[in-house]
Structures are given as C-alpha cells and as structure tokens.
Amino acid sequence: MTRTSKSKPPTARRAARISAVQALYQMDIAKADANVVIRQFETVVEEGGGDEDFAIEAADKTFFAELVRGVVRLQRTIDQEVDKQLADGWRLARVDSTVRQILRAALYELIDRPDVPAKVVINEYVDLSKEFFDQEEPRVINGVLDQLAKKHRPGELSN
C-alpha cells in the first residue's frame, strides 16, 4: 500500500485514521492478528518511527486501537452494509484492499462513534483516500459513505 506525499502533516486523529487503514490493510493482506498489529504500531510510535512523509508518532494511539478493534468487532455487519451500497455486480471482496479498509473504518465510525459528526467522517476518509488514489476512488468512497451516513445518521446530512 503506497501513500502519495500530497498533504500537510496530519492531526492526531487523522494520523490515527491513516495508521488504522494501513493496519487493516496489513491484517487483510498478511492475515495478521489485530492485537499484534496494534502492538507493532505502539512500538513504532514509542520509538519515533514512521516514514519521512508521515509522522506516525503524531497519531492518537487510543483512537487508532479503537478503530482497528471496532472494525474487527463489526466487520461482518460493516461488510454487509457496504456490499448493499456498491454497484450491481460488485462485492466488497472485489474492491481494492485499500478502498475496502477505508470504507470499513469509515463505516465503523458512522455506526459506533456518534461523537464524530457524519460530515467529519466522510470528509476525513475522502481526504484520506486522496492520500492513496488520484483517480475515481475518492469519488466512489464519497458516494458510498454519503449513502451509508444517510442510513446510519439520518438527519445529520442535508439532503
């Protein structure tokens, strides 16, 4: 999974979201255990790791762990919900793994984090998707998240 270097340094929550998407990607591709990935992340943060384009130590460690564990806990529900929003003939399993992890993390927040406004969730994950993609993926993610937000947070978004 390759990030592009386009944006300013992330806030603590944005850094946690980027790290969570990367951790979920690692879990998906390498079949890594969530607790192992979380411990690896915490070790990198403690040692001041990360790459030159992304200061991982800026990430909110608690929020990161909540995102990863929350996606794992709700993954079956999340995947079913996302599948319903994808175009006919598409299933979440067919979608690029990075897109899949972005959608999973975002929907987790929409379902289980009412403290984060729906507009913030959508904006954060669409912006995050632009870190990885230049093409149509951010538009697809925006469309799917908009529909999911209307379902899970009725009244928060203007129609």
Side-chain angles (χ1 to χ4, degrees), residues 1-4 6-7 10-38 40-41 54 56 59-159:
M1 177 158 98
T2 306
R3 289 181 58 245
T4 60
K6 299 185 213 178
S7 62
T11 64
R13 281 216 165 168
R14 176 159 300 177
R17 286 181 177 105
I18 293 168
S19 297
V21 167
Q22 291 174 323
L24 293 166
Y25 177 88
Q26 179 182 346
M27 291 166 56
D28 190 44
I29 298 300
K31 307 301 180 214
D33 178 73
N35 290 320
V36 170
V37 172
I38 291 168
Q40 288 172 345
F41 169 81
F54 176 62
I56 196 169
D60 178 330
K61 293 187 295 188
T62 302
F63 190 63
F64 164 82
E66 288 171 359
L67 288 172
V68 172
R69 287 189 178 111
V71 169
V72 170
R73 180 172 45 84
L74 297 177
Q75 187 169 332
R76 183 172 303 180
T77 299
I78 288 168
D79 288 1
Q80 290 171 354
E81 290 289 322
V82 174
D83 272 342
K84 292 175 190 174
Q85 295 305 317
L86 295 175
D88 287 341
W90 279 89
R91 306 288 294 171
L92 188 58
R94 285 185 61 198
V95 173
D96 174 87
S97 184
T98 303
V99 172
R100 190 166 49 244
Q101 306 325 316
I102 290 169
L103 291 171
R104 283 175 173 161
L107 183 52
Y108 161 72
E109 285 197 57
L110 289 171
I111 291 172
D112 212 45
R113 295 299 305 245
D115 58 309
V116 182
K119 284 184 178 185
V120 170
V121 172
I122 294 169
N123 289 336
E124 284 291 311
Y125 285 98
V126 169
D127 286 350
L128 190 153
S129 72
K130 293 174 184 175
E131 293 283 324
F132 298 99
F133 302 103
D134 291 325
Q135 305 281 324
E136 66 185 57
E137 290 88 348
R139 287 191 305 268
V140 170
I141 289 167
N142 185 54
V144 170
L145 293 180
D146 184 62
Q147 291 304 310
L148 290 167
K150 287 176 182 172
K151 178 179 180 183
H152 291 278
R153 304 276 191 92
E156 271 194 56
L157 301 178
S158 57
N159 294 329

- [ ] Working to the nearest 0.5 Å, report the span between CD of Q22 and CE of M27.
- [x] 14.0 Å
Task: Rounded distance [0.5 Å steps], CZ in R13 versus OG1 in T62 - done: 10.0 Å
Task: Criterion side chain to side chain contact (heavy atoms under 4.5 Å, CB included) on E137 and T98, from CA distance to verdict - done: CA-CA 10 Å; E137 290 88 348; T98 303; over 6 Å; no
Heavy-atom check, side chain of [X] versus side chain of [Y], under 4.5 Å:
X    : Y    : result
D83  : L86  : yes
V140 : V99  : no
D96  : F133 : yes
R17  : F63  : yes
E131 : V21  : no
R104 : V82  : no
Q147 : K84  : no

TODO: Please determine if K150 and D146 form a salt bridge, counting it only when a charged side-chain N lies under 4.0 Å from a carboxylate O.
DONE: yes
Task: Salt bridge flag under 4.0 Å for residues R100 and D79 - done: no
Task: Given K119, R14, K130, the one that forms salt bridge (charged side-chain N to carboxylate O under 4.0 Å, His left out) with E124 - done: R14
Open item on the list: Using a 3.5 Å distance criterion without hydrogens, assess whether the side chain of Q85 forms a donor-acceptor pair with backbone atoms of V144.
Closed with: no
Open item on the list: The test is side chain to side chain contact (heavy atoms under 4.5 Å, CB included); show your working for E109 and Y125 and say whether it passes.
Closed with: CA-CA 10 Å; E109 285 197 57; Y125 285 98; 2.6 Å; yes
For [X] and [Y], work out which heavy atoms get closest and say how close.
X    : Y    : answer
Y108 : G70  : CE1-CA, 3.4 Å
L110 : R153 : O-NE, 2.9 Å
A105 : L24  : CB-CD1, 4.2 Å
S97  : I29  : OG-CD1, 3.9 Å
L67  : A16  : CD1-O, 4.1 Å
L107 : I78  : CD2-O, 3.6 Å

Task: Pairing residues for E81 by the side chain to side chain donor-acceptor pair (under 3.5 Å) criterion, not counting sequence neighbours - done: K151, H152
Open item on the list: Checking side-chain polar atoms at under 3.5 Å, does Q26 have a donor or acceptor matched by the opposite partner on Q40?
Closed with: yes
Open item on the list: What verdict does the side chain to side chain contact (heavy atoms under 4.5 Å, CB included) test give for D60 and T11, after you've listed the backbone C-alpha separation in whole Å, the side-chain angles of each residue and the deciding distance to 0.1 Å?
Closed with: CA-CA 9 Å; D60 178 330; T11 64; over 6 Å; no
